[in-house]
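One structure below.
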Amino acid sequence: MLLSEKGRKRIKFLFFIGESIPDVLVIGLSILAAIFIHQHTDMVFFSIGSFADKRVFVIPIIVLAILPTLLFYRTMIYDFEEEYAQLYIDFAKSKGLTTHNILFSHVLRNAIINIFLHAKSITWFMLSNLLMIEYAFNIDGLMHFIMEHYSPPILAMGLLFIFVPIYAIQALGQSIIEKMTGRQVEV
C-alpha cells in the first residue's frame, strides 16, 4: 500500500498470473528447478522425493505455500484498497495524519476482519492440495495414510487431527480480532 498505484497494479498482475498456474504445474516446475539447480551447481539444495529412510520436507512445504501465499497477499491488497477508498480515510488525511499512521491505525484494523475471513478458505485450499503434494513427492503423510488405510475410525481420527487444531487457531484469531477491533467476527 505504500507503493504507487502503478506499482500496486504490477504486483496485483504478478499475483494474478501466479495464481493462474495450476497446482500440478507448480509441483512439476519446482521439481525441475531443483534438478536444474543440482545440474548447474552440483549441490543438492532440495531433495525431490522420499524413499527408504530419507525424507523430503523443504520443497513440499515451499510448494504447498506458494499458491496460498499469492492468494492471501492478493486478497490482502484488495481488502486494503477497499478500506483505503472509504470516506473516513479522506477525513484522516484532511486531519494531517501520515500515510503510515492511516495504514496501521485505521486501514489494517478494519481490513483485518476480511483478511481473517479469507484466511479460512485459503487454509482449506492448502489442505485440498496436500494429498496431491504427498503423492507427487512420495511422502507418507496424513492424507496419504487416510487414503491408503481407509476405514471410518481412521477417517474420523484423521479429520479430527486436521479440524481441531485449525478450528482452535481460528477461534484464537477470532478472539484476538474481536479484542483489537471491538467488532463481532464469525468463525
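What you see below is based on every heavy atom in this structure, not just the backbone, and it leaves out hydrogens, waters and symmetry mates. As the structure is a computational prediction, the values presented were derived from the model and not from experiment.
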[X] atom [atom1]: more than 12 heavy-atom contacts under 6.0 Å:
X: F125; atom1: CZ; result: yes
X: L160; atom1: CG; result: yes
X: Y88; atom1: OH; result: yes

For side chain to side chain contact (heavy atoms under 4.5 Å, CB included), just list the numbers for M1 and E83, CA-CA rounded to whole Å, side-chain angles, deciding distance to a tenth of an Å, and then say yes or no. CA-CA 11 Å; M1 286 303 293; E83 270 311 307; over 6 Å; no

Minimum-distance pair of heavy atoms, taken over all atoms of [X] and [Y]:
X: S30; Y: I59; result: O-CD1, 3.5 Å
X: R109; Y: S105; result: CB-O, 3.6 Å
X: K120; Y: W124; result: O-CD1, 2.9 Å
X: I89; Y: V107; result: CD1-CG2, 3.5 Å

Are [X] and [Y] close enough that some pair of their side-chain heavy atoms sits under 4.5 Å apart?
X: M143; Y: I162; value: yes
X: F16; Y: L70; value: no
X: R10; Y: L3; value: no
X: P60; Y: I139; value: yes
X: S94; Y: F91; value: yes
X: Q170; Y: F116; value: yes

Treat each ILVMFWY residue as a node, draw an edge where side-chain heavy atoms are under 4.5 Å apart, and state whether [X] and [Y] are in one component.
X: L25; Y: I35; value: yes
X: L71; Y: I62; value: yes
X: F161; Y: I169; value: no
X: M76; Y: I17; value: no
X: F72; Y: I11; value: yes

Reported [atom1]-to-[atom2] distance for the pair [X] and [Y], which is rounded to 0.5 angstrom:
X: K93; Y: T99; atom1: NZ; atom2: OG1; value: 7.0 Å
X: I27; Y: F137; atom1: CD1; atom2: CZ; value: 6.0 Å
X: I112; Y: I177; atom1: CD1; atom2: CD1; value: 5.0 Å
X: E82; Y: N114; atom1: CD; atom2: CG; value: 6.5 Å
X: K9; Y: I77; atom1: NZ; atom2: CD1; value: 13.5 Å
X: Y84; Y: R8; atom1: OH; atom2: CZ; value: 8.0 Å

Provide the full list of side chain to side chain donor-acceptor pair (under 3.5 Å) pairs with a residue in residues 66-79, sequence neighbours left out, each pair given once.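 Counting only pairs at least two positions apart or across chains, the side chain to side chain donor-acceptor pair (under 3.5 Å) contacts touching residues 66-79 are E19-R74.
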
Given side chain to side chain contact (heavy atoms under 4.5 Å, CB included), test Q86 with N110 step by step and report yes or no. CA-CA 11 Å; Q86 299 294 325; N110 292 325; over 6 Å; no

Under the criterion side chain to side chain contact (heavy atoms under 4.5 Å, CB included), which of N129, I66, I133, L64 is the partner of D23?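 Exactly one option meets the side chain to side chain contact (heavy atoms under 4.5 Å, CB included) with D23, and it is N129.
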
Check the angle between the aromatic planes of Y167 and F163 and answer parallel, tilted or perpendicular using the 30° and 60° thresholds.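 Y167 and F163: parallel rings.
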
If the condition is side-chain contact (heavy atoms from CB on, under 4.5 Å), which residues does S175 pass it with, not counting sequence neighbours?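 Per chain and number, S175 pairs via side-chain contact (heavy atoms from CB on, under 4.5 Å) with L172.
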
Determine whether H100 and L2 satisfy the following criterion, side chain to side chain contact (heavy atoms under 4.5 Å, CB included), listing intermediate values before the conclusion. CA-CA 8 Å; H100 284 52; L2 297 175; 3.8 Å; yes

Side-chain donor/acceptor of E134 to backbone N/O of H144, under 3.5 Å: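 Side chain of E134 to backbone of H144: a pair is present.
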
